[in-house]
Amino acid sequence: MDITFKEVDYIYQYNTPFEHQALHNLSFHIPSGSFTAIIGHTGSGKSTLIQHLNGLIKPIQGEVTIGEFTLSSEKNHQVKDLRKHVGVVFQYPEHQLFEETVKKDILFGPKNFGFDLDRKEDELADVLNNVGLPVDVLDRSPFELSGGQMRRVAIAGVIVLEPSVLVLDEPTAGLDPLGRSQMLKLFSHLHQSRQQTTVLVTHHMEDALAYADQVIVMNQGKVEMIGEPKELFKKKERLRDIGLDIPEVFECANYIENKLGVSVNECQSNMEGISQVLVDFVKAGARS
Amino acid sequence: MNQSLIIGQYVPGESFIHRLDPRLKILIVFIFVLVIFSAETWMSFMTLFTLAIGSAIISRISVSYILKGLKPVWFIIALTFILHIFLTREGNILYSFWGVNLYDQALIQGANISARLFLLILMTTLLTLTTTPISITDAVEALLKPLNKLRFPVHELALMMSISLRFIPTLMQEMDKISKAQASRGLDLTTGPIKERVKAIIPLLIPLFISAFKRAEDLALAMEARGYRGGEGRTKLRELTFQKVDLLAAIVFIGIMIVFWLTRT
Amino acid sequence: MIKFDRVSFRYRDDSSKVINDINLSIDRGEWVALIGHNGSGKSTVAKMMNGLLLPSEGQVFIDDIELTEQNLIEVRQKVGMVFQNPENQFVGTTVLDDVAFGLENLGVDPEYMYERIQQSLKQVSMDGYEQHEPHRLSGGQKQRIAIAGVLAMLPEVIVFDEATTMLDPMGRKDLLQTMKTLKEERGLSIVSITHDLTEAAFADRVLVLNQGEVWFEGEPRQLFAKGEELENIGLEPPFVTKLYHQLKSENITLEREPLDFKELVDELWTLHLKK
Ligand SMILES: Nc1ncnc2c1ncn2[C@@H]1O[C@H](COP(=O)(O)OP(=O)(O)OP(=O)(O)O)[C@@H](O)[C@H]1O
Ligand SMILES: Nc1ncnc2c1ncn2[C@@H]1O[C@H](COP(=O)(O)OP(=O)(O)OP(=O)(O)O)[C@@H](O)[C@H]1O
Ligand SMILES: [Mg+2]
Ligand SMILES: [Mg+2]
């Protein structure tokens with residue numbers, strides 16, 4: 001599903017002394033089937049933005065279109081239908097678990113949305129396999145599992161709905177390095193195998209670079225930049241000004257260019273490329 | 001989460017009311033609440049209203065904000081009024097329609113009760129709007145101090161109060177987050193039969209309890225790590241001091257109470 | 001400063017050992033990183049450093065005095081701790097009250113409190129925030145308030161149990177900078193628990209725990225030199241280590257294992273000049 005924001009404003013605690021404008025005049029487009037990363041410093045409005053995607057909050061001004069659905073400041077009666085198509089995995093999603101067994105918890109969404117439960121039950125083994133959990137956890141209590149496993153259960157509870165849009169708010173926060181890379185591979189796999197539109201909020205520039213085909217940079221409630229990761233991360237100064245880093249590969253490439261005076265071209269901005277540049281540099285030295 | 005409900009919130013400010021000694025404020029509100037129920041005449045009500053609304057104005061908190069924040073309370077007040085009108089059967093019949101009689105006493109009593117409720121809520125809300133939670137707990141601890149002699153755990157009670165107050169915003173945020181997460185999984189709290197809706201609260205409450213429990217555990221550990229071992233041998237950063245403005249406020253309050261007492265019946 | 005002598009720990013008498021016969025020491029003014037996969041026992045070790053847990057076997061010494069039930073308060077004054085979740089260690093309703101909490105527990109005279117609080121807040125660059133409420137601060141700011149609360153108690157060591165994990169990159173960088181300043185300017189010892197090897201590069205010494213035992217002890221450089229072995233115990237080698245690994249496969253070697261890409265490129269540069 002295509003997603004379009006048109007001049008969206010959002011204000012928390014509207015009409016109180018605590019009023020706080022979190023989004024200013026936001027406009028952008030997320031093409032259907034794309035993998036979009038949203039980056040930005042803390043408090044820049046990333047979580048506020050994604051809550052518009054399934055109608056948890058609605059714009060105070062402007063309009064959000066998701067497929068055929070339109071959200072504006074007016075009341076919308078189709079939000080439940082929208083939520084069926086847009087799955088959201090929140091930060092620390094393991095905090096939402098509540099059922100006695102993993103199975104019940106995963107089927108909570110399908111039950112609410114009126115899916116065919118028997119069919120969904122048959123698919124459970126597949127879903128668990130996808131998130132990297134053994135089938136025997138199904139009858140255990142989610143609260144007996146380790147933190148990382150609980151997170152996988154929570155994620156399974158969303159992907160079992162097979163949403164057309166999958167929204168992820170910092171899904172890897174707090175996991176150890178191994179857990180992190182497994183989780184990202186899972187999302188990338190789902191994106192490819194299901195043609196799912198994926199929106200990933202992340203603080204890791206490396207992840208944005210490795211997986212996204214479009215990056216939205218947020219700054220103080222506004223879209224600061226939007227574009228392809230490789231293009232975008234070239235703008236080191238601008239990113240630094242708004243408190244963001246660039247991926248270490250790019251830092252390294254910059255450093256090599258300054259220090260060694262050899263150029264690293266765009267397609268060499270990865271580990272192999274950089275290593276090649278360095279090898280060439282040393283070999284050239286050996287020859288001269 | 002109802003964001004317009006303001007009971008229990010603090011609005012920072014520098015007004016005369018904000019700066020009063022919290023012990024005095026609590027005492028005033030306490031006495032005020034006690035005497036509300038002995039008000040009977042127009043004059044005595046006028047005195048109390050003058051005090052309450054006067055304080056609201058001096059506190060410089062926008063009146064429309066206060067009134068809007070009390071919206072859910074209006075409903076209760078109106079309901080009380082209506083119940084009185086239908087249930088009281090004393091005095092003269094003023095009006096009668098469809099076989100229902102409206103007595104003059106019903107009107108008077110209904111108005112009485114509603115006015116008392118309104119005053120009570122307005123004053124207590126004003127207290128929390130102008131006093132930081134920490135000052136309230138400090139004041140409660142100070143006021144209850146004499147009970148220490150009776151082995152009543154005053155310090156522990158005050159600490160418990162201040163920690164709960166500190167965690168209210170956190171738990172509200174948490175509640176908001178959990179209900180959004182469950183709504184994303186299709187949980188619907190706004191439609192369907194009452195029974196279903198009550199059941200739909202479970203997916204919110206369980207995670208909230210678990211998280212509150214986890215927080216309490218973490219917090220206990222953090223407190224212990226910083227050397228906490230109960231009230232014994234402990235000093236306190238804040239000493240409450242009674243100042244000239246407080247004396248002034250106390251005198252004004254006593255004056256008003258005397259006027260009230262004279263006009264009460 | 002801190003010394004563990006053949007320490008073991010089990011959570012319940014009938015459960016198995018979570019920490020198994022470990023020895024370690026933290027010297028004055030030293031920065032030690034403690035790393036290891038989820039569940040390897042890092043937090044358990046940290047809690048034994050200030051008596052939140054007492055060892056089931058073996059002894060813990062703080063300044064050569066054995067830690068026992070009797071001297072817990074002195075130990076907790078000397079060994080401060082900052083935890084992972086910024087939200088759950090904020091006791092006070094305002095910054096001022098929170099920083100004062102530890103001092104109140106120690107029974108410090110209120111007259112001296114304000115000065116000590118001011119100093120501590122300044123050291124973490126949070127002066128001016130005295131009246132702020134916790135839920136209006138960012139995660140990084142809350143962590144710095146937690147540090148200030150510990151600093152006010154005049155500790156000798158601060159243990160950071162994954163204190164940077166829940167922060168965004170900026171908050172993380174700021175916090176690491178603060179830790180560095182504390183070490184350099186106040187001569188504090190730092191124990192930092194982390195999953196992030198880039199963060200471990202800040203340390204003078206690294207201890208790696210694996211299933212309750214010390215798997216490695218030495219300089220960060222020596223640890224990075226282990227390369228792929230790290231993956232076996234659930235850790236990820238940093239970017240520079242992977243890059244250097246690639247170079248090595250092309251027969252380019254340096255005199256010492258690089259800590260970051262700057263070191264690596266600089267070394268190559270001198271290597272190039274020499275030829
Ligand atoms: N429920 C709320 N009430 C009031 N203000 C809020 C609320 N939620 C968020 N805000 C404010 O809105 C702004 C944007 O917050 P948001 O959570 O969208 O940021 P974010 O980019 O997701 O940050 P992070 O990286 O820390 O998750 C912040 O200034 C925040 O303080
Ligand atoms: N309160 C407790 N009761 C029983 N077992 C516990 C308790 N706390 C921890 N454990 C167990 O002790 C082991 C070590 O836990 P610890 O918390 O020290 O690990 P850690 O290295 O800090 O892990 P993480 O990276 O997840 O923080 C784990 O197997 C854990 O399940
Ligand atoms: Mg967020
Ligand atoms: Mg731990």
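Residue numbers start from 1 in every chain, and the chains themselves are labelled A, B, ... in the order their sequence lines are given, proteins ahead of strands.
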Task: Nearest heavy atoms of Phe281(A) and Leu268(C), plus distance in Å - done: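 Scanning both residues completely, I find the closest heavy atoms to be CE2-O, 4.1 Å.
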
Between [X] and [Y], is any pair of side-chain heavy atoms under 4.5 Å apart?
X: Leu278(A); Y: Tyr244(C); result: no
X: Arg180(A); Y: His195(C); result: no
X: Asp245(A); Y: Lys173(C); result: yes

I need the [X] [atom1] to [Y] [atom2] distance, nearest 0.5 Å.
X: His41(A); Y: Asp168(C); atom1: NE2; atom2: CG; value: 9.0 Å
X: Asn85(C); Y: Tyr92(A); atom1: CG; atom2: OH; value: 7.5 Å
X: Lys283(A); Y: Ile252(C); atom1: NZ; atom2: CD1; value: 6.0 Å
X: Gln276(A); Y: Glu250(C); atom1: CD; atom2: CD; value: 6.0 Å
X: Asp260(C); Y: Glu251(A); atom1: CG; atom2: CD; value: 10.5 Å

Under 4.5 Å from any heavy atom of chain A - which part of [X]:
X: Leu243(C); result: both
X: Arg136(C); result: side chain
X: Met170(C); result: side chain
X: Lys262(C); result: both
X: Leu264(C); result: side chain

Task: Interchain contact, Gln91(A) with chain C, by part (heavy-atom threshold 4.5 Å) - done: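 For Gln91(A), there is no contact with chain C at all, as no heavy atom is under 4.5 Å.
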
- [ ] Against chain C, label Glu272(A) side chain, backbone, both or neither, depending on which of its atoms sit under 4.5 Å from a heavy atom there.
- [x]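 Answer is both: backbone and side chain atoms of Glu272(A) are under 4.5 Å from chain C.
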
Open item on the list: Between Phe261(C) and Val249(A), does the side chain to side chain contact (heavy atoms under 4.5 Å, CB included) criterion hold? Intermediate values first, please.
Closed with: CA-CA 9 Å; Phe261(C) 65 77; Val249(A) 217; over 6 Å; no

- [ ] For atom NZ of Lys122(C), decide whether the heavy atoms of other residues, nucleotides or ligands shown that lie under 6.0 angstrom number more than 12.
- [x]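 Count not over threshold, so no.
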
Open item on the list: Can you tell me which of Leu260(A), Ile274(A), Ile256(A), Leu178(A) forms the most heavy-atom pairs within a distance under 4.5 Å of chain C?
Closed with: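 The candidate making the most pairs under 4.5 Å is Leu260(A).
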
